[in-house]
2 protein chains.
Amino acid sequence: MKISKDILNCKHCVYRSLLFGQLDDKEYESINHARTEYVFKRGEVIKAEGENINSFLYMRKGLVKLYKTNKIGKDQILSINKPGDFINLLNIFSNSNYKYSIAALEETLVCDVKLNVFIEVVRNNSDFAFSVLNRISKISDETIERRFALAQKQIKGRVANILLFFAEEVYRDNKFRMPITRREVGELVSMTTENIIRTFSEFRKDGIIALDGKIITILDLKRLKNINKTG
Amino acid sequence: MKISKDILNCKHCVYRSLLFGQLDDKEYESINHARTEYVFKRGEVIKAEGENINSFLYMRKGLVKLYKTNKIGKDQILSINKPGDFINLLNIFSNSNYKYSIAALEETLVCDVKLNVFIEVVRNNSDFAFSVLNRISKISDETIERRFALAQKQIKGRVANILLFFAEEVYRDNKFRMPITRREVGELVSMTTENIIRTFSEFRKDGIIALDGKIITILDLKRLKNINKTG
DNA sequence: TAAAAAATATGAGATATATCATAACATATT
DNA sequence: AATATGTTATGATATATCTCATATTTTTTA
């Protein structure tokens, strides 16, 4: 669903300085003019793998997953993105078409800036280009580090890692509503649904977490962190 | 070992246009002036994890591995780099210290450009910044794609993938000298040495490859490609 | 609101991979 | 040249994870 930009007060948007701090008013205005905001409901696909990339996207609210679907229809989740993230920056300069799909995990607000306008500004403002360079570098670095860390872990370590990710990075609370299914946790860490569920149950039996449907409470953070580190 | 840059004819270096096509003569001269060339023998560490990043590096000749060492001393290989690759571009804009080590797998020639000079040029030439942006994006995209593809495969598929990488991307020959040990293949695909060796033996028994110490000949490319795809 | 579909839960058995052991061979070191 | 160290090789066994099956609960759809 499209929102008129008049509704939004972009001039004082928190992302004005966070993302576009290097731009002068004229440049910012051209970005702003090429922008549309969209709201997506839980489950909606924002961009599908293979689709042409014609905008620069960033999140203002919500939660999304970046994922790939293989030939036999199985998904692999690349990452979970939160407000402030540039959800297509990983592909924007290396591909003309999306190499992954993007779907909303909860109600999500996305800013969509026409790609040619965005690139025009990048090409004419080297400070901004440098800032984009730093960001893209950080994103890829984090993605690669995360994948590498996961590859070393066995299932318990991987599940602990994901629980900590939601508790510490997404919700900043030891009690939270898990926004993805057990199957999706499996798609995120390359394990089967059954084994994710079994591991959750095991953590529950061991008093590390409490489970109430989608609501998860971390009871023993120390132990969970230790499992994340060692296994 | 350091080489005087006078020995090298940088002005007509093939990388002049490949890497620095967007620079004018003055900019290129400042890069050139801040550059030193080094030769590393097989096995030598070029940069160690944790070391301060104070140069932009690219390879002119040879083969290197990028790798991380975990607490218990086990290595994980991030990627194998060849001539033309920017071996530290993944970290240069996101970290002040190396997050991986770089070691030579064969005699390797590395150009080392002082980082502050390189960044100065990036910041003042947005065309060049844009070109660096494209490159860094491609590198991270390839690294992430490769990791993701591997995560889906079982050991046979992973080994097939690595054999094809050396045959098609590195040596462009069905017969080549494997530049890494079986242990290193394992570090590259997150499998144990024994299972890599067993898989090589199995491929040999199945008539897919011929083994003569480090020399590997791919006998049945079609089947190997199929294993890479499906398994 | 009922019916269908998806998600959670758990067990048993199958399979892939790791671990440990041992040996032959190759490479590096003294 | 002799010795030590690392690499390749293979077998036996242990372990982790997957697959298939079935039941219950929750969510979605009609």
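In what follows, chains carry the letters A, B, and so on, assigned in the order in which the sequence lines appear, proteins first and then strands, with residues in each chain numbered from 1. This is a predicted model, so every value here is computed, not measured.
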Rounded to whole Å, the CG-P distance (Asp75(B) to dG6(D)) equals 14 Å
Given atom CZ of Phe203(B) and atom C1' of dA9(D), what is their separation to the nearest angstrom? 17 Å
How many whole angstroms separate atom CE of Met178(A) from atom C1' of dA9(C)? 16 Å
Lys/Arg N to Asp/Glu carboxylate O, Lys61(A) vs Glu37(A), below 4.0 Å: no
Length of the line joining Glu202(A):CD and dA9(C):P, which is rounded to integer Å: 14 Å
Verify whether one side chain among Arg198(A) and Asn195(A) offers a donor that lies under 3.5 Å from an acceptor in the other. yes
Please confirm whether the shortest side-chain N or O distance from Arg183(B) to OP1 or OP2 of dT7(D) is below 4.0 Å. yes
Working note: Arg147(A) + Thr143(B), criterion side-chain contact (heavy atoms from CB on, under 4.5 Å); need CA distance, chi angles, decisive distance, verdict. CA-CA 10 Å; Arg147(A) 282 287 122 193; Thr143(B) 307; over 6 Å; no
Neighbour count above 12 (heavy atom, 6.0 Å) for Lys74(B) NZ: no
So, does Ser201(B) get its side chain near the phosphate of dT10(D), meaning an N or O under 4.0 Å from OP1 or OP2? yes
Does Lys114(A), at its NZ atom, have more than 12 non-hydrogen atoms belonging to other residues, nucleotides or ligands within less than 6.0 Å? no
Near DNA chain C, counting only heavy atoms under 4.0 Å, which residues of residues 61-69 of chain B show up? none
Among side-chain atoms of Arg223(A) and Asn226(A), is any donor-acceptor pair under 3.5 angstrom? no
Separation of atom CG in Leu211(B) from atom P in dT7(D), rounded to whole Å: 17 Å
With sequence neighbours left out, write down each residue that passes ring pair (Phe, Tyr, Trp, His ring centres under 6.0 Å) with Phe118(B), or none if nothing qualifies. Phe56(B), Phe128(B)
Tell me the interatomic distance from Ile197(A), atom CD1, to dA7(C), atom P, rounded to whole angstroms. 10 Å
Please check if the number of heavy atoms outside Lys156(B) that lie under 6.0 Å from its NZ is greater than 12. no
The contact string for nucleotides 16-30 of chain D, one letter per nucleotide 5' to 3', using protein heavy atoms under 4.0 Å with B, S and - for base, sugar-phosphate only and none, comes out as SSBBB----------
Taking 4.0 Å as the cut-off, does a side-chain nitrogen or oxygen of Arg204(A) come that near to OP1 or OP2 on dT8(C)? no
Separation of dG6(D) atom P from Glu184(B) atom CD, nearest Å, is 13 Å
Test side-chain hydrogen bond (donor to acceptor under 3.5 Å, both in side chains) on Arg158(A) and Asn161(A) and set out the steps. CA-CA 5 Å; Arg158(A) 297 187 191 188; Asn161(A) 188 270; over 6 Å; no
